[in-house]
Number of protein chains: 2
Amino acid sequence: MNLLADPVPGLSRYAALASALHARIAAGEWPGGTALPAEAVLATELGVALGTLRRALELLAAQGLIERRHGRGTFVRSGLGGAPMLRFFRFGERAGEVPASRILARQVLAAPADAARALGLEAGAPALRLRRLRSLGGAPRLLEELWLPLPLCAALAEGETAAWPDLLYPFLAERCGVHVARATDDIAFATLTAAQARTLGLASGHPCALVTRRAFDLTGRCVEWRQTRGDAQAFHYTVTIT
Amino acid sequence: MNLLADPVPGLSRYAALASALHARIAAGEWPGGTALPAEAVLATELGVALGTLRRALELLAAQGLIERRHGRGTFVRSGLGGAPMLRFFRFGERAGEVPASRILARQVLAAPADAARALGLEAGAPALRLRRLRSLGGAPRLLEELWLPLPLCAALAEGETAAWPDLLYPFLAERCGVHVARATDDIAFATLTAAQARTLGLASGHPCALVTRRAFDLTGRCVEWRQTRGDAQAFHYTVTIT
DNA sequence: AAGTGGTCTAGACCACTCT
DNA sequence: GAGTGGTCTAGACCACTTG
């Protein structure tokens with residue numbers, strides 16, 4: 001486990017450290033909610049200086065994988081408290097409110113061209129498709145179609161979907177060891193098909209906002225292609241440009 | 001300028017350093033685009049260790065105030081670059097294409113509530129209102145209503161508008177010394193009034209994308225409130241979330 | 001009081017960029 | 001080759017949390 005003896009080419013030591021720790025966390029060595037060994041212990045064990053280890057931990061903390069608490073320790077974030085990527089959307093909900101999620105359908109299908117290209121799959125390769133309805137106070141608001149690559153997300157293809165949590169990304173981390181680190185949203189305008197409108201309780205041809213998301217993990221691999229539709233009149237999206 | 005002799009209570013040294021450097025940059029000591037002194041020089045001058053100064057610079061870089069380039073130096077960012085609005089918008093133009101701008105109207109009026117609140121003005125205080133039409137290949141695409149605070153932007157209230165350049169922010173920097181450093185966009189969908197539709201060559205009630213922008217300078221002061229409308233069906237907005 | 005992460009230092013060496 | 005930022009070290013001390 002000593003990285004002094006085995007420097008990783010093309011990667012700084014703290015980056016290599018972060019990657020190694022990431023792998024050990026993903027492998028379940030420290031389950032969610034538990035504390036990592038103290039900095040000094042870890043640094044000795046890994047054969048690096050304290051400051052170098054700290055840079056690695058800061059990286060992981062910035063990625064949301066761990067949480068550092070002054071005076072207490074460094075904790076692995078559990079799937080429940082993960083990063084809500086919905087914080088940029090507003091579809092009528094109050095800030096911080098998380099819509100309830102219900103899986104309408106789950107199938108393994110040949111990915112359509114758009115999804116396959118985004119996910120880096122061969123055209124027609126099998127992928128996991130989810131349809132999800134998100135509601136506020138019992139009223140349906142958002143209709144989502146998600147495509148996830150296989151076999152990476154195969155663990156989601158089995159088991160009862162009724163008990164799934166409202167947020168996908170923490171669940172994806174827990175079940176598949178896939179940590180979403182970055183995403184791009186493309187916002188456009190469209191109209192609802194008859195079937196989509198029925199699910200959302202709106203009229204066929206009703207104007208909708210169409211948000212197409214590509215989510216990426218730490219290595220830059222695309223791990224999700226998603227289209228979200230909701231009533232255009234209730235839609236708000238806020239962005240900060242720097 | 002020695003912070004060893006004067007520790008700021010309740011603030012780490014690197015945070016105090018960052019704050020002090022921020023103030024000096026905002027005061028114009030190092031204009032946009034110029035390089036700061038080398039780390040070693042700055043550290044000596046400020047009486048702190050190199051590592052401490054580096055932490056301060058990392059903070060400022062994370063805020064987007066400066067930009068660090070390995071082997072070259074640390075540079076003050078000169079506000080938002082080239083065509084920031086169009087970095088994220090696409091209304092049918094090719095990437096990097098800048099629409100031609102024409103000022104339709106310029107007036108000093110009492111700011112409406114939304115604009116006054118955003119700009120930090122008293123309700124009903126006078127502000128500069130611009131209506132601007134942006135076109136591609138002669139075809140009108142975007143209709144903009146801009147509110148700028150007075151007296152800050154008084155220099156724009158005079159002179160011939162026909163000769164104004166296509167991009168506002170560089171012009172704002174040149175004429176008024178106002179450097180836009182950050183902005184937030186709120187994206188929503190609406191319908192065009194009859195007058196708006198006429199200007200854009202669309203039907204009254206046609207669906208439009210409505211982008212409300214607040215632009216801020218280095219000190220965090222809001223220097224622009226803008227609403228942009230364009231055909232919803234040609235609209236795309238792309239965001240990266242990290 | 002003991003253990004944790006947070007800050008700060010002083011110095012070494014590496015990698016990148018320009019001349 | 002000279003100058004820049006990037007990495008790494010080893011050690012000191014501080015601030016917070018818990019028993």
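All of these numbers come straight from a predicted model, not from anything done at the bench. Every chain is numbered from 1, with letters handed out A, B, ... down the list of sequences.
- Salt bridge status for Glu45(A) with Arg24(A): present, with a side-chain N to carboxylate O gap under 4.0 Å.
- Look at CD on Glu39(B): it is 17 Å from P on dA12(C), rounded to the nearest Å.
- The phosphate of dT18(D) has OP1 or OP2 within less than 4.0 Å of a side-chain N or O from Arg72(A).
- In terms of phosphate contacts, Tyr14(B) brings no side-chain nitrogen or oxygen within less than 4.0 Å of OP1 or OP2 of dC8(C).
- When the C1' atom of dT9(C) is taken as reference, atom CG of Leu17(B) falls 13 Å away, rounded to whole Å.
- Within the 4.0 Å cut-off from OP1 or OP2 of dT4(C), not a single side-chain nitrogen or oxygen of Arg68(A) is found.
- When the C1' atom of dC16(D) is taken as reference, atom CZ of Phe75(A) falls 13 Å away, rounded to whole Å.
- For Leu60(A) and dG5(C), the CG to C1' distance is 15 Å, given to the nearest whole Å.
- Ranking dA10(D), dG5(C), dT9(C) by closeness to the Ala49(A) side chain, first place goes to dA10(D).
- dA10(D) atom C1' lies 9 Å from atom CG of Leu50(A), rounded to whole Å.
- Across Leu142(A), Leu146(A), Asp185(A), a single residue satisfies side chain to side chain contact (heavy atoms under 4.5 Å, CB included) together with Thr228(A), and that is Leu142(A).
- When all heavy atoms of Arg68(B) and Ala61(B) are compared, the pair lying nearest together is CG-CB, 4.0 Å.
- Side-chain atoms of Arg106(A) come within 3.5 Å of backbone N or O of Leu156(A) as a donor-acceptor pair.
- Rounding to whole angstrom units, CG of residue Leu53(A) and P of dT4(C) are separated by 13 Å.
- The distance between atom CG of Leu59(B) and atom C1' of dG6(C), rounded to the nearest whole Å, is 14 Å.
- Not one side-chain nitrogen or oxygen of Arg54(B) sits closer than 4.0 Å to the OP1 or OP2 atom of dC8(C).
- Stacking annotation: His70(B) is stacked on the base of dA15(C) (ring centroids less than 5.5 angstrom apart, interplanar angle below 30 degrees).
- Applying the 4.0 Å criterion to OP1 and OP2 of dT7(D), one finds that Arg55(A) has a side-chain N or O inside that range.
- Distance check, rounded to the nearest 0.5 Å: OG1 of Thr212(A) to CG of Asp114(A) gives 8.0 Å.
- Taking only side-chain atoms of Ser12(B), from C-beta outward, the nucleotide of dG5(C), dT9(D), dC8(C) with the closest atom is dC8(C).
- Look at CZ on Arg69(B): it is 16 Å from C1' on dG3(D), rounded to the nearest Å.
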